[in-house]
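These notes concern the structure reproduced below.
Order of appearance sets the numbers: ligands from 1, and atoms from 1 within every ligand. No experiment lies behind these values; they were computed from the predicted model shown. Counting begins at 1 with the first residue of the sequence. The analysis underlying the following values was restricted to heavy atoms, covering all of them including side chains, and did not include hydrogens, waters or symmetry mates.
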Amino acid sequence: MAGIYRAIRTCAAASRRGLAAAADPSKEAAAAGLRAAAAASTGRKGRDREDGRRVQWVFLGCPGVGKGTYASRLSQLLDVPHIATGDLVRDALAAPGPLSKQLAEIVNHGKLVSDEIIINLLSKRLEEGEEKGELGFILDGFPRTIRQAEILEGVTDIDLVINLKLREEALLAKCLGRRMCSQCGGNFNVADINIEGENGGPRMYMPPLLPPPQCESKLISRADDTEEVVKERLRVYHDLSKPVEEFYRARGKLLEFNLPGGIPESWPKLLEALNLDDPDNERSAAA
Ligand SMILES: Nc1ncnc2c1ncn2[C@@H]1O[C@H](COP(=O)(O)OP(=O)(O)O)[C@@H](O)[C@H]1O
(Lines give C-alpha, C1' and ligand atoms only; values in the text may rest on other atoms or scores of the structure.)
Protein backbone atom coordinates (compact mmCIF):
# COMPACT_ATOMS: atom_id res chain seq x y z
CA MET A 1 0.00 0.00 0.00
CA ALA A 2 3.10 2.14 0.03
CA GLY A 3 2.46 5.71 -0.97
CA ILE A 4 -1.30 5.42 -1.42
CA TYR A 5 -2.06 7.58 1.54
CA ARG A 6 0.30 10.34 0.62
CA ALA A 7 -1.52 10.15 -2.71
CA ILE A 8 -4.85 10.78 -0.94
CA ARG A 9 -3.45 14.09 0.20
CA THR A 10 -2.06 14.89 -3.21
CA CYS A 11 -5.41 14.15 -4.84
CA ALA A 12 -7.24 16.18 -2.24
CA ALA A 13 -4.94 19.13 -2.80
CA ALA A 14 -5.40 18.93 -6.56
CA SER A 15 -9.14 18.72 -6.20
CA ARG A 16 -9.16 21.65 -3.75
CA ARG A 17 -7.36 23.88 -6.21
CA GLY A 18 -10.06 23.05 -8.72
CA LEU A 19 -7.62 21.38 -11.08
CA ALA A 20 -10.07 19.42 -13.18
CA ALA A 21 -8.20 16.52 -14.73
CA ALA A 22 -9.48 17.32 -18.20
CA ALA A 23 -8.15 20.83 -17.99
CA ASP A 24 -4.70 19.63 -16.96
CA PRO A 25 -3.36 16.58 -18.78
CA SER A 26 -0.43 16.21 -16.37
CA LYS A 27 -2.91 15.76 -13.51
CA GLU A 28 -4.85 13.24 -15.59
CA ALA A 29 -1.65 11.26 -16.04
CA ALA A 30 -0.83 11.55 -12.35
CA ALA A 31 -4.30 10.33 -11.39
CA ALA A 32 -4.04 7.39 -13.81
CA GLY A 33 -0.63 6.54 -12.36
CA LEU A 34 -2.03 6.64 -8.84
CA ARG A 35 -4.85 4.30 -9.78
CA ALA A 36 -2.43 1.88 -11.44
CA ALA A 37 -0.11 2.00 -8.43
CA ALA A 38 -3.02 1.44 -6.06
CA ALA A 39 -4.33 -1.51 -8.07
CA ALA A 40 -0.88 -3.07 -8.32
CA SER A 41 -0.05 -2.66 -4.69
CA THR A 42 -3.41 -3.75 -3.32
CA GLY A 43 -4.26 -6.40 -5.90
CA ARG A 44 -7.84 -7.38 -6.66
CA LYS A 45 -10.79 -7.68 -4.32
CA GLY A 46 -11.14 -10.48 -1.82
CA ARG A 47 -10.67 -11.15 1.86
CA ASP A 48 -7.62 -13.39 2.08
CA ARG A 49 -5.65 -12.34 -0.90
CA GLU A 50 -2.51 -13.63 -2.48
CA ASP A 51 -0.76 -10.31 -1.96
CA GLY A 52 -1.47 -10.48 1.78
CA ARG A 53 -3.73 -7.43 1.82
CA ARG A 54 -6.74 -7.73 4.10
CA VAL A 55 -10.14 -6.06 3.79
CA GLN A 56 -10.58 -2.40 2.93
CA TRP A 57 -14.14 -1.73 4.04
CA VAL A 58 -16.20 1.37 4.78
CA PHE A 59 -19.09 1.77 7.21
CA LEU A 60 -21.81 4.28 6.39
CA GLY A 61 -24.83 5.24 8.46
CA CYS A 62 -26.47 8.04 10.44
CA PRO A 63 -25.04 9.31 13.73
CA GLY A 64 -26.08 6.90 16.48
CA VAL A 65 -26.68 3.94 14.20
CA GLY A 66 -23.87 1.89 15.76
CA LYS A 67 -21.13 2.14 13.12
CA GLY A 68 -18.45 2.27 15.81
CA THR A 69 -19.76 -0.80 17.63
CA TYR A 70 -20.00 -3.05 14.60
CA ALA A 71 -16.90 -1.70 12.84
CA SER A 72 -14.87 -2.33 15.98
CA ARG A 73 -16.16 -5.92 16.32
CA LEU A 74 -15.46 -6.67 12.67
CA SER A 75 -12.00 -5.15 12.90
CA GLN A 76 -11.13 -7.58 15.70
CA LEU A 77 -12.56 -10.49 13.78
CA LEU A 78 -10.75 -9.61 10.55
CA ASP A 79 -7.56 -8.35 12.19
CA VAL A 80 -7.55 -4.92 10.61
CA PRO A 81 -7.66 -1.55 12.35
CA HIS A 82 -10.95 0.23 12.92
CA ILE A 83 -10.30 3.82 11.87
CA ALA A 84 -13.02 6.27 12.91
CA THR A 85 -12.51 9.78 11.61
CA GLY A 86 -14.68 11.06 14.50
CA ASP A 87 -12.01 9.67 16.88
CA LEU A 88 -9.25 11.36 14.88
CA VAL A 89 -11.17 14.63 15.14
CA ARG A 90 -11.66 14.18 18.90
CA ASP A 91 -7.93 13.44 19.35
CA ALA A 92 -7.10 16.61 17.43
CA LEU A 93 -9.61 18.51 19.55
CA ALA A 94 -7.92 17.30 22.72
CA ALA A 95 -4.45 18.42 21.56
CA PRO A 96 -3.67 22.04 22.43
CA GLY A 97 -3.24 24.52 19.57
CA PRO A 98 -5.11 26.53 16.96
CA LEU A 99 -6.51 23.46 15.13
CA SER A 100 -8.28 22.38 18.31
CA LYS A 101 -10.07 25.76 18.62
CA GLN A 102 -11.03 25.70 14.96
CA LEU A 103 -12.41 22.15 15.24
CA ALA A 104 -14.36 22.81 18.45
CA GLU A 105 -16.25 25.62 16.73
CA ILE A 106 -17.33 23.26 13.93
CA VAL A 107 -17.88 19.96 15.76
CA ASN A 108 -19.83 21.45 18.67
CA HIS A 109 -22.30 22.90 16.18
CA GLY A 110 -22.86 19.55 14.45
CA LYS A 111 -21.17 20.63 11.19
CA LEU A 112 -18.63 18.68 9.13
CA VAL A 113 -15.00 19.74 9.27
CA SER A 114 -13.44 20.65 5.93
CA ASP A 115 -12.40 17.90 3.51
CA GLU A 116 -8.86 19.27 3.71
CA ILE A 117 -8.59 18.86 7.50
CA ILE A 118 -10.21 15.43 7.56
CA ILE A 119 -8.05 14.14 4.73
CA ASN A 120 -4.92 15.36 6.48
CA LEU A 121 -5.93 13.61 9.70
CA LEU A 122 -6.85 10.39 7.88
CA SER A 123 -3.75 10.32 5.67
CA LYS A 124 -1.54 10.77 8.72
CA ARG A 125 -3.30 7.90 10.50
CA LEU A 126 -3.05 5.63 7.45
CA GLU A 127 0.63 6.43 6.95
CA GLU A 128 1.35 5.59 10.59
CA GLY A 129 -0.52 2.30 10.11
CA GLU A 130 1.42 1.54 6.97
CA GLU A 131 4.68 2.03 8.86
CA LYS A 132 3.45 -0.38 11.53
CA GLY A 133 2.60 -2.97 8.86
CA GLU A 134 -1.20 -2.67 8.89
CA LEU A 135 -2.64 -4.59 5.94
CA GLY A 136 -6.14 -3.20 5.55
CA PHE A 137 -8.77 -1.15 7.40
CA ILE A 138 -12.37 -0.63 8.29
CA LEU A 139 -13.21 3.05 7.91
CA ASP A 140 -16.00 4.53 10.01
CA GLY A 141 -17.20 8.07 9.38
CA PHE A 142 -15.30 8.49 6.09
CA PRO A 143 -16.20 9.27 3.37
CA ARG A 144 -18.97 11.63 4.35
CA THR A 145 -19.18 13.78 1.24
CA ILE A 146 -19.15 12.91 -2.44
CA ARG A 147 -15.80 14.66 -2.79
CA GLN A 148 -14.25 12.53 -0.03
CA ALA A 149 -15.68 9.41 -1.72
CA GLU A 150 -14.22 10.41 -5.09
CA ILE A 151 -10.81 11.03 -3.58
CA LEU A 152 -10.79 7.68 -1.79
CA GLU A 153 -12.06 5.83 -4.86
CA GLY A 154 -9.35 7.49 -6.92
CA VAL A 155 -6.46 6.16 -4.85
CA THR A 156 -7.37 2.75 -3.50
CA ASP A 157 -9.73 -0.20 -3.88
CA ILE A 158 -12.60 -0.23 -1.43
CA ASP A 159 -13.95 -3.78 -1.41
CA LEU A 160 -17.24 -3.29 0.38
CA VAL A 161 -19.36 -0.50 1.86
CA ILE A 162 -21.73 -1.52 4.63
CA ASN A 163 -24.65 0.86 5.07
CA LEU A 164 -26.11 0.40 8.53
CA LYS A 165 -29.71 1.49 8.95
CA LEU A 166 -31.85 1.95 12.00
CA ARG A 167 -35.32 3.36 12.47
CA GLU A 168 -35.25 7.14 12.80
CA GLU A 169 -37.00 7.11 16.21
CA ALA A 170 -34.14 5.09 17.70
CA LEU A 171 -31.27 7.23 16.36
CA LEU A 172 -31.77 10.32 18.52
CA ALA A 173 -32.30 8.22 21.66
CA LYS A 174 -29.15 6.22 20.93
CA CYS A 175 -27.02 9.35 20.50
CA LEU A 176 -28.40 10.94 23.67
CA GLY A 177 -27.81 7.69 25.58
CA ARG A 178 -24.13 7.33 24.60
CA ARG A 179 -21.66 7.31 27.52
CA MET A 180 -17.95 6.71 27.78
CA CYS A 181 -15.88 5.77 30.81
CA SER A 182 -13.36 8.59 31.32
CA GLN A 183 -10.91 6.12 32.82
CA CYS A 184 -10.95 2.95 30.69
CA GLY A 185 -12.43 4.47 27.50
CA GLY A 186 -15.22 1.83 27.35
CA ASN A 187 -18.34 2.76 25.39
CA PHE A 188 -21.81 2.25 26.85
CA ASN A 189 -25.38 3.30 26.15
CA VAL A 190 -28.05 4.01 28.72
CA ALA A 191 -30.91 4.31 26.20
CA ASP A 192 -33.64 1.71 26.66
CA ILE A 193 -35.41 1.45 23.33
CA ASN A 194 -38.61 -0.49 22.98
CA ILE A 195 -40.74 0.68 20.06
CA GLU A 196 -43.76 -0.60 18.14
CA GLY A 197 -43.04 -2.69 15.07
CA GLU A 198 -43.47 -1.08 11.68
CA ASN A 199 -46.31 -2.25 9.42
CA GLY A 200 -47.34 -4.96 11.86
CA GLY A 201 -43.71 -6.19 12.24
CA PRO A 202 -42.16 -7.22 15.56
CA ARG A 203 -41.36 -4.63 18.25
CA MET A 204 -37.85 -3.25 18.18
CA TYR A 205 -36.05 -3.74 21.44
CA MET A 206 -32.56 -2.37 22.10
CA PRO A 207 -31.70 -2.81 25.76
CA PRO A 208 -29.19 -0.46 27.39
CA LEU A 209 -25.53 -1.42 27.30
CA LEU A 210 -24.71 -0.59 30.92
CA PRO A 211 -21.22 -0.05 32.34
CA PRO A 212 -19.69 -2.35 34.96
CA PRO A 213 -19.89 -0.97 38.54
CA GLN A 214 -16.29 0.33 38.48
CA CYS A 215 -17.10 2.64 35.54
CA GLU A 216 -20.49 3.91 36.77
CA SER A 217 -19.20 7.04 38.50
CA LYS A 218 -16.80 7.92 35.65
CA LEU A 219 -19.25 8.17 32.76
CA ILE A 220 -19.04 11.16 30.44
CA SER A 221 -20.99 12.19 27.32
CA ARG A 222 -19.62 13.66 24.11
CA ALA A 223 -19.97 17.43 23.93
CA ASP A 224 -21.72 17.05 20.55
CA ASP A 225 -24.32 14.55 21.84
CA THR A 226 -26.83 17.18 22.95
CA GLU A 227 -30.32 17.09 21.41
CA GLU A 228 -29.84 20.26 19.36
CA VAL A 229 -26.44 19.20 17.97
CA VAL A 230 -27.54 15.61 17.25
CA LYS A 231 -30.54 16.93 15.27
CA GLU A 232 -28.18 19.13 13.26
CA ARG A 233 -25.81 16.17 12.64
CA LEU A 234 -28.73 14.06 11.41
CA ARG A 235 -29.76 16.91 9.09
CA VAL A 236 -26.19 17.27 7.77
CA TYR A 237 -26.02 13.50 7.27
CA HIS A 238 -29.15 13.52 5.14
CA ASP A 239 -27.91 16.47 3.05
CA LEU A 240 -24.27 15.52 2.49
CA SER A 241 -23.77 11.87 3.31
CA LYS A 242 -26.88 10.27 1.79
CA PRO A 243 -25.53 10.95 -1.73
CA VAL A 244 -22.41 8.95 -0.75
CA GLU A 245 -24.66 5.87 -0.44
CA GLU A 246 -25.78 6.42 -4.02
CA PHE A 247 -22.14 6.85 -5.12
CA TYR A 248 -21.28 3.35 -3.86
CA ARG A 249 -24.62 1.81 -4.89
CA ALA A 250 -23.91 2.87 -8.46
CA ARG A 251 -20.54 1.09 -8.23
CA GLY A 252 -22.08 -2.14 -6.93
CA LYS A 253 -20.25 -1.90 -3.59
CA LEU A 254 -23.09 -1.07 -1.20
CA LEU A 255 -24.43 -3.67 1.21
CA GLU A 256 -27.57 -2.39 2.97
CA PHE A 257 -28.10 -3.76 6.45
CA ASN A 258 -31.19 -2.95 8.54
CA LEU A 259 -30.37 -3.43 12.21
CA PRO A 260 -33.14 -5.59 13.65
CA GLY A 261 -32.46 -4.58 17.30
CA GLY A 262 -29.65 -4.61 19.83
CA ILE A 263 -26.23 -6.25 19.55
CA PRO A 264 -27.22 -9.83 20.49
CA GLU A 265 -29.84 -9.87 17.76
CA SER A 266 -27.97 -7.84 15.13
CA TRP A 267 -24.39 -9.16 15.33
CA PRO A 268 -25.11 -12.75 14.18
CA LYS A 269 -27.33 -11.44 11.38
CA LEU A 270 -24.64 -9.02 10.24
CA LEU A 271 -22.07 -11.83 10.19
CA GLU A 272 -24.50 -13.92 8.16
CA ALA A 273 -25.02 -11.08 5.68
CA LEU A 274 -21.24 -10.80 5.35
CA ASN A 275 -20.77 -14.55 5.08
CA LEU A 276 -18.46 -14.54 8.09
CA ASP A 277 -18.14 -16.85 11.08
CA ASP A 278 -17.28 -15.59 14.52
CA PRO A 279 -15.64 -18.46 16.40
CA ASP A 280 -16.61 -16.77 19.65
CA ASN A 281 -20.03 -15.66 18.52
CA GLU A 282 -22.00 -16.45 21.64
CA ARG A 283 -19.68 -14.65 24.01
CA SER A 284 -19.26 -11.61 21.80
CA ALA A 285 -22.97 -11.30 20.93
CA ALA A 286 -23.82 -11.08 24.59
CA ALA A 287 -21.08 -8.58 25.50
N1 LIG B 1 -15.38 12.38 7.17
C2 LIG B 1 -15.63 13.48 7.87
N3 LIG B 1 -15.78 14.68 7.26
C4 LIG B 1 -16.02 15.80 7.94
N5 LIG B 1 -16.18 15.86 9.27
C6 LIG B 1 -16.04 14.70 9.96
C7 LIG B 1 -15.77 13.45 9.30
N8 LIG B 1 -15.70 12.48 10.24
C9 LIG B 1 -15.93 13.07 11.43
N10 LIG B 1 -16.14 14.41 11.27
C11 LIG B 1 -16.41 15.40 12.33
O12 LIG B 1 -16.36 14.76 13.60
C13 LIG B 1 -17.65 14.78 14.24
C14 LIG B 1 -17.87 13.51 15.01
O15 LIG B 1 -17.86 12.43 14.10
P16 LIG B 1 -18.44 11.00 14.49
O17 LIG B 1 -17.85 10.54 15.78
O18 LIG B 1 -18.27 10.12 13.30
O19 LIG B 1 -19.94 11.31 14.81
P20 LIG B 1 -21.37 10.80 14.35
O21 LIG B 1 -21.94 10.23 15.60
O22 LIG B 1 -22.01 12.09 13.94
O23 LIG B 1 -21.28 9.79 13.24
C24 LIG B 1 -18.63 15.05 13.14
O25 LIG B 1 -19.85 15.65 13.58
C26 LIG B 1 -17.82 15.97 12.23
O27 LIG B 1 -17.78 17.29 12.73
Side-chain angles (χ1 to χ4, degrees), residues 5 8-9 11-12 15-16 57-72 75 81-95 99-126 137-153 155-156 158 161-166 168 170-180 185 187-189 191 209 220-245 247-248 259:
Y5 306 122
I8 294 183
R9 275 201 283 221
C11 259
S15 163
R16 191 173 59 251
W57 288 0
V58 163
F59 261 85
L60 299 181
C62 286
V65 75
K67 297 184 294 290
T69 302
Y70 294 102
S72 151
S75 83
H82 163 213
I83 301 178
T85 44
D87 289 343
L88 302 181
V89 168
R90 280 182 286 281
D91 288 348
L93 262 170
L99 178 61
S100 167
K101 286 208 187 84
Q102 195 188 339
L103 288 175
E105 206 30 52
I106 302 166
V107 175
N108 293 338
H109 287 94
K111 307 288 183 204
L112 293 187
V113 309
S114 71
D115 289 342
E116 182 188 9
I117 292 177
I118 208 79
I119 279 163
N120 273 331
L121 293 174
L122 179 62
S123 305
K124 196 162 158 270
R125 168 63 188 82
L126 290 169
F137 51 73
I138 297 184
L139 291 180
D140 154 11
F142 186 95
R144 243 173 164 108
T145 62
I146 287 284
R147 186 160 159 260
Q148 292 176 10
E150 282 168 352
I151 289 169
L152 187 64
E153 195 71 6
V155 295
T156 194
I158 295 300
V161 178
I162 302 163
N163 188 25
L164 286 189
K165 291 173 157 177
L166 184 64
E168 199 78 31
L171 290 171
L172 182 62
K174 284 219 32 231
C175 280
L176 298 182
R178 278 205 282 229
R179 300 288 183 276
M180 194 177 95
N187 288 302
F188 308 101
N189 204 305
L209 188 59
I220 50 170
S221 299
R222 275 169 46 174
D224 60 343
D225 272 346
T226 63
E227 183 161 349
E228 192 189 343
V229 178
V230 170
K231 284 186 172 159
E232 177 60 9
R233 279 163 42 216
L234 287 168
R235 192 193 64 73
V236 168
Y237 184 86
H238 284 288
D239 281 1
L240 294 174
S241 305
K242 274 268 165 198
V244 176
E245 297 174 11
F247 177 91
Y248 286 116
L259 288 160

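- Looking at every heavy atom in both residues, Leu88 comes nearest to Ile83 through CD1-CG2, 4.3 Å.
- A salt bridge between Glu105 and Lys101 is absent, with no side-chain N of the basic residue lying under 4.0 Å from a carboxylate O of the acidic one.
- Atoms CG and CD, on Leu171 and Glu168 in that order, are 5.5 Å from each other to the nearest 0.5 Å.
- Contact annotation: the side chain of Leu60 never approaches that of Ile162 to less than 4.5 Å [non-hydrogen atoms, C-beta and beyond].
- Rounded to the nearest 0.5 angstrom, Asp91 CG and Leu103 CG are separated by 11.0 Å.
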Distances only, to 0.1 Å: what are the N or O pairs between ligand 1 and the protein that fall under 3.5 Å?
{"residue": "ligand 1", "atom": "1 (N)", "partner": "Gly141", "partner atom": "O", "Å": "2.8"}
{"residue": "ligand 1", "atom": "1 (N)", "partner": "Gln148", "partner atom": "OE1", "Å": "3.0"}
{"residue": "ligand 1", "atom": "3 (N)", "partner": "Gln148", "partner atom": "NE2", "Å": "3.0"}
{"residue": "ligand 1", "atom": "5 (N)", "partner": "Val113", "partner atom": "N", "Å": "3.1"}
{"residue": "ligand 1", "atom": "8 (N)", "partner": "Thr85", "partner atom": "OG1", "Å": "2.9"}
{"residue": "ligand 1", "atom": "8 (N)", "partner": "Gly141", "partner atom": "O", "Å": "3.4"}
{"residue": "ligand 1", "atom": "8 (N)", "partner": "Arg144", "partner atom": "NH1", "Å": "3.1"}
{"residue": "ligand 1", "atom": "17 (O)", "partner": "Arg90", "partner atom": "NH1", "Å": "2.9"}
{"residue": "ligand 1", "atom": "17 (O)", "partner": "Arg90", "partner atom": "NH2", "Å": "3.0"}
{"residue": "ligand 1", "atom": "17 (O)", "partner": "Arg222", "partner atom": "NH1", "Å": "3.2"}
{"residue": "ligand 1", "atom": "17 (O)", "partner": "Arg222", "partner atom": "NH2", "Å": "3.4"}
{"residue": "ligand 1", "atom": "18 (O)", "partner": "Arg144", "partner atom": "NH1", "Å": "3.2"}
{"residue": "ligand 1", "atom": "18 (O)", "partner": "Arg144", "partner atom": "NH2", "Å": "3.2"}
{"residue": "ligand 1", "atom": "19 (O)", "partner": "Arg222", "partner atom": "NH2", "Å": "3.1"}
{"residue": "ligand 1", "atom": "21 (O)", "partner": "Arg178", "partner atom": "NH2", "Å": "3.0"}
{"residue": "ligand 1", "atom": "21 (O)", "partner": "Arg233", "partner atom": "NH2", "Å": "2.7"}
{"residue": "ligand 1", "atom": "22 (O)", "partner": "Arg144", "partner atom": "NH2", "Å": "3.2"}
{"residue": "ligand 1", "atom": "22 (O)", "partner": "Arg233", "partner atom": "NE", "Å": "2.9"}
{"residue": "ligand 1", "atom": "22 (O)", "partner": "Arg233", "partner atom": "NH2", "Å": "3.1"}
{"residue": "ligand 1", "atom": "23 (O)", "partner": "Lys67", "partner atom": "NZ", "Å": "3.2"}
{"residue": "ligand 1", "atom": "23 (O)", "partner": "Arg144", "partner atom": "NH2", "Å": "3.0"}
{"residue": "ligand 1", "atom": "27 (O)", "partner": "Lys111", "partner atom": "O", "Å": "2.6"}

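- Although no hydrogens or angles enter the test, the distance criterion places a donor-acceptor pair under 3.5 Å between the side chain of Asn189 and the main chain of Lys174.
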